[in-house]
Visitor: 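Next up is a structure, given as structure tokens.
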Amino acid sequence: MAQQVGCAAVTIKQFESGQRRPSRQIAELLATCLAIPADERDAFIRAARTTPTSDPSATLPAEAVGTPRQLPIPPTPLIGREQVLALLQTRLLHPDLRLLTLLGPPGVGKTRLGIQLAANVGDSFTDGVVFVSLAPVREADQVMIAIGRALGYQEGAGHELLARLQRSLRRQKLLLVLDNFEHVPEAAPLVGELLSAAPHLKVLATSRTPLHLYGEQEVVVSPLALPPLHALPALAELAGYPAVALFMARAQAISDSVKLDQTNLHAVAELCHRLDGLPLAIELAAGRIRLLTPQMLLDRIQNRRHLLTSGASDLPARHQTLWNAIDWSYTLLSEAERWVLRQLAVFAGGWTLEAAEAILEQATSAPDVAQFNATPPPLLDSMTTLVSQSLVAADTHRGSARYHLLESIREYALDRLTECDEANQARRHHAEYYFSLAETSELHSIQESVWMDRLEQEHENLQIALAWMVEHAPERLVRLADDLGWFWQVRGYVSEGRRWLESALARAQDIPKFDHARVLSMIGFLAREMGDLAIAQTMLEESLRLFQQIGDIGKQAGTLNALAMVALSRGDTVTTDRLASQSATLFRLIGLELEVTGSLLLIGDAAYLMHDYERAEAAYTEGLRLAQEGGKTRSAIYRIIRLGRIALVKGASDQAVTQVVKGLSLSRQTNNIWGVIMALAGLASVAVVLDNPTLATRLLAAIDALLTRFGTRLWPVDHAEYERTMTAVRAQIDEAMFKSEWTAGHTLALDQIIEEAMAFSVRA
């Protein structure tokens, strides 16, 4: 049967490329072609239609931009949940149901069941399914940020995220899967507000406790069905019990020599009972089958019965079973392997082998670290053991290996870390590593995008490290202002970065004047990005005063540039020109010619808004030359697009198209969303000039959608051109046509709108 379903899945992909699941008609056709017996036909069709493909776009809303969170693809089929799945599908698709919450103890399989349920009903949601893991979230105010980022949004620029999500989701028919909600019950009212604003939105939540919202339907996910021990069924019937079927499936995946027969059926049945039918506990047990027979596994449980029937007295009863199941797996490790597992618990969101090696090396060399009865084995050996025993998960599908702990196992290991009095040292070593990573990042080099991606991948670890620094070493965090500030701004963590820096500044004592000036400057920069111009002005002016006292000319120049940006945001072009010119003079005075590019962009923008196009063109051209000579692709993109605008003003539409399309192409290659927005705005202006108002409308709508998702605003130059183009468009087409094209532009995926813009540029 498994081979047939696998064959069907391949065939289905060939027939329906891009869909998450095949139609029933195709599944029935395949059943006929494969000569599936009549009594197995329905099971085959159901299994084939619930086999997910690996197409990431299949689970994303059509208009998604950025990096929306796709529905995870489970590595193994779901076993023993067919009846409950059918019931849940009916409930979830009922027109009156808005919120369905899967409840149950840890390890019962709520997440796995929720993922399969979402995959099964995904075709019923025209805007797709979006998955949000709340396991790493510990504060209610971070839940909307997690939901926003899963939907492809970014923070920033003074927009309130909840309101933005409400506006965006109002017309969408979307299924939002919120996993592990029990960490943040205080955030439930925010989910209620989303549901109230979006009539076609449905939420599927997994949690240990209800959300207590009006209209919520709760479903308790029970453990897998177990065979009766007092009257054990015959072998064939026993194999059909879900708990036994799961154990055997996972055991046979590890060793195909394992068979359920008369010699082990009693041990397997009792083992499943001892594990209370909890899927995670069963899978952990099956993971040891390479070393231990079912009877040996059962003997170990019987010899350690207290580990499976009791736990910490302050834990709820439903938690003790899983806690003890994990504890049992923990005891199967050597002392050194247990130590490694405890140290790995400090990571959040996964880790690389390099990070683990660095932290464990620090731990073993620390003078006060607990001594072992045996020397720790090489990390690679320990990791191999932990992965093989399902305690550490390995992801090797993205070109480089990354590892993580299941959340329940991580929590267990963290408790053991504390009990062994190792937590403080481990957290310090973790913070030291990620402090060093941020400190040595090359965010202002030609490797900028590589480092941005790396810090993004380590975002959760950075949060933990920064929390430790705020408490134990705020002075060191202050020194990271320049290193992380650019990352926070570009990747949409503006409010988060500002919060970290303000907390560190409040705790730090006797910090050097230079560090004080740097952190004030970065807080001011981030405040400007959030639209808090008054605070930005105050912070930057104080920073400038301190840099002047120190005599650091380069920092003075950079701060003058930031103040010029504040002035430009206020529409004060005269002050912008004056401050940016002062900045350029200071940079040149100390030979930092490449840094002049930022000043020249501001000078050019101020001149453009004052209609001094000759001066604007000269500033953009000089800035482009410096950026290209210095290998600054991101900086070059903005100047290229700006020069396209100048060409359009001069009436050279062909040259304008060439310049703007070049900027769009480079932005697409470097995943530079800000360049994409600027280029689309430029092409919209060209489209109006070339009498194509319908395309211009779609481009303007796409820009509006991007700005909403990323929570930002157009720069003054781009905003002025956007408004000018909008006015021209409204004068050229009627209201009905405008609404139609605007809707189309809002619903097109980012790649689609870029392709349409590029096609227009060829025709133009």
Side-chain angles (χ1 to χ4, degrees), residues 50 52 59 69-76 78-81 83-93 97-122 125 128-138 140 142-144 146-147 149-151 174-192 194-195 201-213 215-224 246 277-283 316 318-319 321-323 393 404-411:
T50 57
T59 60
R69 187 73 51 80
Q70 67 182 54
L71 192 67
I73 300 176
T76 55
L78 185 65
I79 293 177
R81 300 295 194 189
Q83 291 183 349
V84 70
L85 264 177
L87 172 65
L88 291 175
Q89 288 174 209
T90 301
R91 286 198 185 185
L92 189 57
L93 294 177
L97 184 138
R98 303 293 309 289
L99 170 62
L100 179 65
T101 304
L102 304 183
L103 303 171
V108 80
K110 301 184 295 296
T111 296
R112 181 66 182 86
L113 180 60
I115 290 172
Q116 191 66 58
L117 173 60
N120 286 6
V121 302
F125 294 86
V129 179
V130 174
F131 181 86
V132 186
S133 173
L134 298 177
V137 176
R138 288 296 183 271
Q142 297 298 304
V143 170
M144 280 302 110
I147 293 174
R149 294 194 67 80
L151 285 163
L174 180 89
L175 176 62
L176 185 62
V177 183
L178 302 179
D179 188 44
N180 285 304
F181 204 95
E182 64 270 6
H183 297 291
V184 281
E186 301 86 356
L190 298 176
V191 176
L194 276 184
L195 288 168
L201 172 70
K202 292 197 179 195
V203 173
L204 172 62
T206 71
S207 181
R208 297 176 195 170
T209 58
L211 274 64
H212 299 295
L213 293 176
E216 178 184 24
Q217 285 201 20
E218 304 168 15
V219 174
V220 176
V221 181
S222 302
L224 295 175
L246 177 62
L278 290 171
L280 178 56
I282 290 172
E283 293 196 11
R318 67 181 184 277
H319 197 164
T321 300
L322 176 60
W323 214 253
H404 70 274
L405 296 173
L406 295 176
E407 188 62 24
S408 296
I409 295 174
R410 180 173 180 265
E411 289 181 7

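If you read the sequence from its start, that first residue is 1, and numbering goes on from there.
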Visitor: Taking side chain as C-beta onward, heavy atoms only, is Pro210 less than 4.5 Å from Glu216?
Guide: yes

Visitor: Between Val108 and Leu224, does the side chain to side chain contact (heavy atoms under 4.5 Å, CB included) criterion hold? Intermediate values first, please.
Guide: CA-CA 8 Å; Val108 80; Leu224 295 175; over 6 Å; no

Visitor: Going by heavy atoms in the side chains, are Ile147 and Leu178 under 4.5 Å from each other?
Guide: yes

Visitor: I'd like to check Ile282 versus Leu278 (side-chain heavy atoms, cut-off strictly below 4.5 Å). Are they in contact?
Guide: no

Visitor: When rounded to the nearest 0.5 angstrom, what distance separates CZ in Arg91 from CG in Leu204?
Guide: 12.5 Å

Visitor: Going from CD on Gln116 to CG on Leu88, what distance comes out if it is rounded to the nearest 0.5 angstrom?
Guide: 11.5 Å

Visitor: Could you go through Leu195 and Val203, starting from their C-alpha distance and side-chain angles, then the distance that decides it, and tell me whether this counts as side chain to side chain contact (heavy atoms under 4.5 Å, CB included)?
Guide: CA-CA 8 Å; Leu195 288 168; Val203 173; 3.7 Å; yes

Visitor: Answer whether the closest heavy-atom distance between the side chains of Leu213 and Val191 falls below 4.5 Å.
Guide: yes

Visitor: Atom CG in Leu92, atom CZ in Phe125: separation rounded to 0.5 Å?
Guide: 5.0 Å

Visitor: So, do Leu175 and Leu201 sit near enough that their side-chain heavy atoms are less than 4.5 Å apart?
Guide: no

Visitor: How long is the span from the CG atom in Leu117 to the OG1 atom in Thr206, to the nearest 0.5 Å?
Guide: 11.5 Å

Visitor: Work out which heavy atom in Glu186 is nearest to a heavy atom in Ala140; give both atom names and the distance.
Guide: CB-CB, 3.8 Å

Visitor: Evaluate side chain to side chain contact (heavy atoms under 4.5 Å, CB included) for Val132 paired with Arg149, printing each intermediate quantity in order.
Guide: CA-CA 9 Å; Val132 186; Arg149 294 194 67 80; over 6 Å; no

Visitor: Please report the closest heavy-atom contact between Ile115 and Pro72, naming both atoms and the distance.
Guide: CG2-O, 3.4 Å

Visitor: Walk me through whether Leu97 and Leu100 qualify under side chain to side chain contact (heavy atoms under 4.5 Å, CB included).
Guide: CA-CA 7 Å; Leu97 184 138; Leu100 179 65; 4.0 Å; yes

Visitor: Verify the distance criterion only: is there a donor paired with an acceptor across the side chains of Thr101 and Glu218 at less than 3.5 Å?
Guide: no

Visitor: Side-chain contact test, heavy atoms from C-beta onward, threshold under 4.5 Å: evaluate it for Leu85 versus Leu113 and give yes or no.
Guide: yes

Visitor: Side-chain donor-acceptor pair under 3.5 Å between Thr111 and Asp179, yes or no?
Guide: yes

Visitor: Just by modelled atom types, is the Leu174 backbone N or O under 3.5 Å from a matching donor or acceptor in the Lys202 side chain?
Guide: no

Visitor: So which atom in Ser222 and which in Arg81 form the shortest heavy-atom distance, rounded to 0.1 Å?
Guide: O-NH1, 2.8 Å

Visitor: Can you tell if the side chain of Leu102 reaches within under 4.5 Å of the side chain of Ser207, non-hydrogen atoms only?
Guide: no

Visitor: Quick one: closest heavy-atom pair of Pro185 and Pro189, and the distance?
Guide: O-CD, 4.5 Å

Visitor: What pair of heavy atoms forms the shortest contact from Pro279 to Leu246, and how long is it?
Guide: CA-CD2, 3.7 Å

Visitor: Nearest 0.5 angstrom please: Phe131 CZ to Leu151 CG, how far?
Guide: 13.0 Å

Visitor: Any side-chain heavy atom of Leu99 sitting closer than 4.5 Å to one from Leu211?
Guide: yes

Visitor: Give me the atom names and distance for the closest heavy-atom approach of Ala119 to Leu71.
Guide: N-CD2, 3.7 Å

